[in-house]
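Note that these values count all heavy atoms, side chains included, but never hydrogens, waters or copies made by symmetry.
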Amino acid sequence: MKRMLLAALVLAIAIPAFAGGNPAIQAYVTFDSGADLPRVDPAAYSAGEVFICLKEVDAGFTTVSFAVAIDAGVTAPAAWTSLLPGGLAIGDYATGITLSSTECMTDEFVCLCSGSMFYLGVPGTVNIIDHPDYPRWVVDCNDEVDFYCLLNNGGVLMDAPETGECISPVEESTWGGIKALYR
């Protein structure tokens, strides 16, 4: 009986560690919805768009939570629009927003929202920051919570600082190279 209880306890602890179908999901800022373009160099007093996107979407998702911070003086207040089907949004982009889709989003990369910006000619960054209640949450199509890593923020008239969060510490190697380590 003790072994059964011990096995049940181990399973109860181990199963949540493997929950979620999007273990490598990444959030990023881009200035082109079709490409990973983390920097833009607009003319002063011109209009443009910025996008918040996810990639490495393995099992799909329906809901994501985040907030957006834009350095002061970079742009007039951005007007944000959800790009997910159904356009369900709870909260505010500056303090914390949860976007939900009415269908499972299964594309390899998905742009969640776009922000219409009016650039003021001052360098700065557009940053994805944590939602205060649901930090980095992505709910997959099986209603399991995954957590995104931040691939990159966006830079206006400057490169955005590297986040380094999504870089794997493991380097690619050949089987011969691995065997050579142990000779």
Side-chain angles (χ1 to χ4, degrees), residues 22 24-57 60-141 145-167:
N22 297 309
I25 197 162
Q26 302 172 1
Y28 64 99
V29 175
T30 183
F31 295 94
D32 181 350
S33 65
D36 186 2
L37 182 65
R39 178 185 172 136
V40 66
D41 293 301
Y45 308 109
S46 65
E49 283 191 287
V50 61
F51 300 89
I52 307 296
C53 304
L54 293 178
K55 70 180 188 177
E56 305 297 330
V57 179
F61 72 94
T62 57
T63 306
V64 61
S65 297
F66 61 94
V68 180
I70 301 174
D71 291 344
V74 173
T75 179
W80 293 95
T81 304
S82 173
L83 299 176
L84 297 178
L88 303 171
I90 299 171
D92 179 74
Y93 287 90
T95 59
I97 188 96
T98 297
L99 299 178
S100 292
S101 172
T102 53
E103 57 190 68
C104 182
M105 304 301 296
T106 57
D107 294 336
E108 185 174 325
F109 77 94
V110 177
C111 286
L112 307 169
C113 59
S114 67
S116 296
M117 301 174 69
F118 184 75
Y119 300 110
L120 300 176
V122 177
T125 59
V126 177
N127 302 300
I128 299 172
I129 58 175
D130 290 346
H131 188 286
D133 297 323
Y134 310 107
R136 301 185 183 217
W137 277 35
V138 177
V139 179
D140 68 24
C141 298
V145 175
D146 301 309
F147 298 96
Y148 64 80
C149 66
L150 183 57
L151 182 63
N152 65 265
N153 286 308
V156 178
L157 298 171
M158 64 180 280
D159 291 333
E162 298 268 338
T163 65
E165 290 182 23
C166 298
I167 298 171

- Qualifying ring-ring contact (aromatic ring centres under 6.0 Å, His included) pairs with a residue from residues 69-98, counting only residues at least two apart or across chains: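 Passing the test, one end in residues 69-98: Trp80-Tyr93.
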Just how far is it from atom [atom1] of [X] to atom [atom2] of [Y], taken to the nearest 0.5 Å?
{"X": "Gln26", "Y": "Thr163", "atom1": "CD", "atom2": "OG1", "result": "9.0 Å"}
{"X": "Arg136", "Y": "Ile128", "atom1": "CZ", "atom2": "CD1", "result": "9.0 Å"}
{"X": "Ser65", "Y": "Phe147", "atom1": "OG", "atom2": "CZ", "result": "10.5 Å"}
{"X": "Asp107", "Y": "Cys53", "atom1": "CG", "atom2": "SG", "result": "11.5 Å"}
{"X": "Phe31", "Y": "Met117", "atom1": "CZ", "atom2": "CE", "result": "6.0 Å"}
{"X": "His131", "Y": "Ile97", "atom1": "NE2", "atom2": "CD1", "result": "7.5 Å"}

- Item | side-chain contact (heavy atoms from CB on, under 4.5 Å) between Tyr134 and Thr63, worked out | CA-CA 11 Å; Tyr134 310 107; Thr63 306; over 6 Å; no
If you define the side chain from C-beta out and look only at heavy atoms, does anything of [X] sit under 4.5 Å from [Y]?
{"X": "Val126", "Y": "Val74", "value": "no"}
{"X": "Leu88", "Y": "Ser82", "value": "no"}
{"X": "Glu56", "Y": "Asn22", "value": "no"}
{"X": "Phe109", "Y": "Leu54", "value": "no"}
{"X": "Leu157", "Y": "Tyr119", "value": "no"}
{"X": "Phe66", "Y": "Leu150", "value": "no"}
{"X": "Val50", "Y": "Ile70", "value": "no"}

- Query: Do Ser101 and Thr62 have a side chain donor and acceptor closer than 3.5 Å?
  - Reply: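 No donor-acceptor contact under 3.5 Å links the two side chains.
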- In chain order, what residues pass the disulfide bond (SG atoms under 2.5 Å apart) check against Cys141, with sequence neighbours excluded?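 For Cys141 the disulfide bond (SG atoms under 2.5 Å apart) partners, ignoring immediate neighbours, are Cys104.
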Minimal non-hydrogen separation, [X] against [Y], with atom names:
{"X": "Leu120", "Y": "Gly73", "result": "CB-O, 3.4 Å"}
{"X": "Gly96", "Y": "Pro132", "result": "CA-CD, 4.0 Å"}
{"X": "Ala94", "Y": "Ala67", "result": "O-CB, 4.1 Å"}
{"X": "Ser33", "Y": "Cys111", "result": "O-SG, 3.6 Å"}
{"X": "Gly155", "Y": "Ala160", "result": "N-CB, 3.8 Å"}

- Message: Surrounding CD1 of Ile90 (heavy atoms of other residues, nucleotides or ligands, distance under 6.0 Å), is the total greater than 12?
- Response: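 No, the 6.0 Å shell around CD1 holds no more than 12 heavy atoms from other groups.
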- Item | Chi angles and distances behind the side-chain contact (heavy atoms from CB on, under 4.5 Å) call for Asn127, Val29 | CA-CA 7 Å; Asn127 302 300; Val29 175; over 6 Å; no
- Item | Partner of Arg39 by side-chain hydrogen bond (donor to acceptor under 3.5 Å, both in side chains), out of Thr30, Asn152, Thr125, Asp159 |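 It is Asp159; the other options fail the test.
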- Do Val57 and Thr106 pass the side-chain contact (heavy atoms from CB on, under 4.5 Å) test, and can you show the C-alpha distance, the side-chain angles, and the key distance before you say yes or no? CA-CA 7 Å; Val57 179; Thr106 57; 5.9 Å; no
- Please lay out, stage by stage, how Ile52 and Val64 fare under the test side-chain contact (heavy atoms from CB on, under 4.5 Å). CA-CA 11 Å; Ile52 307 296; Val64 61; over 6 Å; no
- Task: Only counting residues at least two apart or in another chain, list the ones meeting salt bridge (Lys or Arg N to Asp or Glu O under 4.0 Å) with Asp92.
- Result: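 Here no residue qualifies.
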- Does Glu49 offer a backbone N or O that forms a donor-acceptor pair with the side chain of Ser116 under 3.5 Å?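 Looks like no, no N/O pair under 3.5 Å.
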